[in-house]
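Report on one structure; see the data block that follows.
Along the sequence shown, residues carry numbers from 1. Computed over heavy atoms, backbone and side chain alike; hydrogens, waters and symmetry mates excluded. Counting starts at 1 for both ligands and their atoms, in listed order. What you see is a predicted model; the values in this text were computed from it and never measured.
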Amino acid sequence: MLSPRKNIYVTRPLLPPLEEFVPYLEEIWASRWLTNGGRFHEALEQELARYLGVEHLSLFANGTLALITALQALRISGEVITTPYSFVATSHSLLWNGLKPVFVDIDPDTRNLDPARIEEAITPATSAILPVHCYGIPCDTESIGRIADSYGLKVIYDAAHAFGVQRDGKSILANGDLTILSFHATKVYNTFEGGAIVCPDAKLKRRIDFLKNFGFADETTVVAPGINGKMNEFAASLGLLQLKHIDAALAARKAIFARYMEHLKDVPTLETLRVPHGVKWNHAYCPIFVRPDHPLSRDELDERLKAEGIYARKYFYPLISEFPMYRGLHSARPRNLRVAHDIAARVLCLPIYPGLRLDTVDRICRVLAQSAVCMEGAA
Ligand SMILES: *Cc1c(COP(=O)(O)O)cnc(C)c1O
């Protein structure tokens with residue numbers, strides 16, 4: 001009898017061999033320095049900035065706190081232009097700052113905020129733009145930067161998907177006024193939970209460092225109503241160890257993505273991601289977009305995969321603008337967000353993670369290919 005197949009999920013967290021983590025834990029136990037800018041925290045800030053090719057970076061307990069704090073650090077007020085095609089944390093960070101999200105439609109090719117639609121959404125209350133490098137594919141940072149400059153707006157990039165992504169040999173994380181990262185377990189690089197703000201200068205980093213530690217500038221001085229956003233030593237030390245394995249993890253992702261593309265090029269009714277020229281991508285996600293002329297709908301295809309024990313995910317469906325706390329906004333009306341609605345209705349993210357076997361990818365692609373075969377005459 002065949003042994004039952006294990007379920008395949010969209011992602012599986014990256015973990016180093018446990019024995020490699022033990023020396024880090026021993027050091028934490030010996031020093032009893034558990035948090036508040038310990039040795040591992042300081043070392044990880046340095047090592048990550050070097051690895052990512054950015055000037056300054058401030059570690060956080062998670063990406064959401066990094067987003068909330070980035071908006072505080074730049075004293076953003078009023079309205080912020082953002083994308084509905086993202087994880088809810090992007091817009092939630094605005095509500096937690098008392099800011100009003102203004103949704104703008106996305107570009108059908110990049111699935112990122114459409115620069116051509118930004119200007120018409122600007123009002124006297126607009127103070128910032130919060131785009132997302134969706135799936136790790138870079139935004140049109142040049143156009144967004146030009147618009148921001150001419151209207152005096154700040155730009156904060158949500159780069160939760162874009163760890164390590166480069167364009168023309170330069171980090172994508174160095175764009176805008178601030179950029180945030182997430183090191184959540186499900187992301188390309190993780191510290192179980194974690195995040196960071198990438199910032200261009202040391203002065204702003206100092207302000208961010210105060211803000212993530214209750215606003216303390218020194219033992220007795222509080223300069224702002226800060227929050228507790230600090231990364232602890234356990235997470236920071238794991239982060240240092242994960243960095244030793246990240247290049248191998250990225251290479252594994254690349255090979256898996258290439259295998260998917262090899263198969264899916266023969267299934268034109270399932271569109272795949274196009275990676276722009278000059279971009280060194282991180283293969284963070286493997287979305288497919290089910291075309292209307294595919295014999296199965298997205299949801300039917302999802303069910304077909306589930307029947308085979310393959311658990312894909314609808315990233316991002318529903319759109320953020322459809323959730324109850326956003327639905328009433330003028331900018332959330334579906335006819336303002338036609339492209340985003342179309343993509344959200346057709347997307348399915350396939351399993352991709354280091355350790356996913358290529359013969360499993362072959363098996364997933366067989367299910368996808370069979371779903372494309374015209375079912376005329378079938379019962
Ligand atoms: C994961 C994610 C976040 C939130 O990060 P956490 O570390 O889980 O708080 C924010 N934005 C996007 C686009 C994400 O995918």
Side-chain angles (χ1 to χ4, degrees), residues 9-14 44 48 57-72 80-97 99 101 103-104 106 110-113 128-139 155-165 172-173 175-176 178-198 208 212 227-232 234-236 238-239 242 253 273 281-287 313-321 323 326 340 343-344 347 349 352-353:
Y9 296 98
V10 74
T11 191
R12 196 162 140 259
L14 182 68
L44 185 59
L48 266 178
L57 165 160
S58 181
L59 292 171
F60 274 79
N62 59 63
T64 304
L65 280 167
L67 264 171
I68 290 171
T69 307
L71 292 158
Q72 281 280 322
V80 177
I81 289 170
T82 191
T83 170
Y85 194 70
S86 180
F87 182 60
V88 283
T90 308
S91 289
H92 280 0
S93 71
L94 298 173
L95 296 194
W96 275 74
N97 276 293
L99 301 166
F103 296 110
V104 160
I106 58 173
T110 64
R111 286 96 189 174
N112 291 326
L113 205 54
I129 309 173
L130 175 58
V132 178
H133 300 299
C134 190
Y135 306 131
I137 299 294
C139 290
V155 184
I156 299 167
Y157 283 103
D158 181 341
H161 302 173
F163 185 91
V165 175
I172 194 70
L173 308 174
N175 288 287
L178 291 174
T179 288
I180 77 96
L181 287 163
S182 165
F183 309 144
H184 184 257
T186 54
K187 305 298 205 273
V188 165
Y189 164 88
N190 83 79
T191 58
F192 285 16
E193 293 263 12
I197 301 180
V198 175
I208 289 164
K212 78 176 178 191
I227 200 164
N228 181 2
K230 302 183 302 289
M231 178 181 280
N232 66 58
F234 182 92
L238 177 67
Q242 294 277 50
R253 286 180 171 277
L273 211 56
W281 186 42
N282 61 4
H283 306 88
Y285 297 88
C286 185
R313 289 295 293 268
K314 300 167 195 173
Y315 294 144
F316 290 97
Y317 172 88
L319 295 176
I320 299 177
S321 50
F323 291 118
Y326 300 104
I343 303 273
V347 71
C349 282
I352 184 165
Y353 51 81

Students often mix this up, so state it plainly: with edges at 30° and 60°, are the rings of [X] and [Y] parallel, tilted or perpendicular?
X      : Y      : result
His133 : Tyr157 : parallel
Phe163 : Phe183 : perpendicular
Tyr85  : Tyr135 : perpendicular

[X] near ligand 1 by a heavy-atom separation under 4.0 Å:
X      : answer
Glu193 : no
Gly195 : no
Ser93  : no

Rounded to the nearest 0.5 Å, how far does [atom2] of [Y] lie from [atom1] of [X]?
X      : Y      : atom1 : atom2 : answer
Thr69  : Ile208 : OG1   : CD1   : 8.5 Å
Leu181 : Leu67  : CG    : CG    : 10.0 Å
Leu94  : Ile81  : CG    : CD1   : 11.5 Å
Glu193 : Leu238 : CD    : CG    : 12.0 Å

Protein heavy atom at shortest distance from [atom]:
atom                    : value
atom 9 (O) of ligand 1  : Thr64 OG1, 2.6 Å
atom 15 (O) of ligand 1 : His161 NE2, 2.9 Å
atom 5 (O) of ligand 1  : Ser182 OG, 3.2 Å
atom 3 (C) of ligand 1  : Phe87 CD2, 3.8 Å
atom 1 (C) of ligand 1  : Lys187 NZ, 1.7 Å
atom 14 (C) of ligand 1 : Ala160 CB, 3.4 Å

Enumerated ligand 1 atoms positioned under 4.0 Å from heavy atoms of [X]:
X      : answer
Ser86  : 13 (C)
Gly194 : 7 (O)
Ala89  : 4 (C), 10 (C)

Review point. Can you find an N or O of Asp158 that's nearer than 3.5 Å to an N or O of ligand 1?
Key: yes

**Study point:** Heteroatom distance test (Gly63, ligand 1): nitrogen or oxygen, under 3.5 angstrom
**Key:** yes

Review point. Looking just at side-chain N and O atoms, do Lys230 and Asn228 make a donor-acceptor pair shorter than 3.5 Å?
Key: yes

Practice item. Count the heavy atoms of every other residue, nucleotide or ligand shown that sit under 6.0 Å from OH of Tyr317, and state whether that count exceeds 12. Key: no

